[in-house]
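See below for the structure under consideration.
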Amino acid sequence: MITRSNLAEQLREYQIRSKHDWASVSVFSSTSNLTSTRADVVIFVIFELVILALLVFSAVSLYSKHLKLAFILVCVSLLLLLCVTIAKQVTAARKKKRRMLLPLSM
């Protein structure tokens, strides 16, 4: 049976779980206040390390005067960075929508 105290307890537990943030050591992220799971943070950090590696390789290829390779690597890294930012926005919107579905009929 759903009582007012049970609903209040469920709401309190949900708020405690949603407050538990995993700190992101994201280099390219300006907003790390999103509540993310550990898997999301790991995936985004891996993608950002790949982007950083691509930028380093493009600088090395520029140093060795391979302009086409440097241009391709910069374009791929920018495309990957765009995909990561879009994925972050989609997951944030999905989590915000899921948070709004919490029943607050007290």
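- One finds the CG atom of L81 at 11.0 Å from the CG atom of L54 (value rounded to the nearest 0.5 Å).
- Atom SG of C83 and atom CG of L78 lie 11.0 Å apart (nearest 0.5 Å).
- Residues V74 and F47 do not share a hydrophobic cluster, clusters being chains of Ile/Leu/Val/Met/Phe/Trp/Tyr side chains in contact below 4.5 Å.
- Between the CG atom in L67 and the CD1 atom in I72 there is a gap of 11.0 Å [rounded to 0.5 Å].
- Among all heavy-atom pairs drawn from S58 and A70, the shortest one is O-CB, 3.6 Å.
- Atoms CZ and CG, on F71 and L62 in that order, are 11.5 Å from each other to the nearest 0.5 Å.
- Here the shortest heavy-atom pairing between T85 and L82 reads OG1-O, 2.8 Å.
- If you take CG on L55 and OG on S77, they are separated by 4.0 Å, rounding to the nearest 0.5 Å.
- Using a 4.5 Å cut-off between side-chain heavy atoms of Ile, Leu, Val, Met, Phe, Trp and Tyr, with links allowed through other members, F44 and V50 fall into the same hydrophobic cluster.
- Residues S61 and L73 approach most closely at OG-CD1, 4.4 Å, considering heavy atoms.
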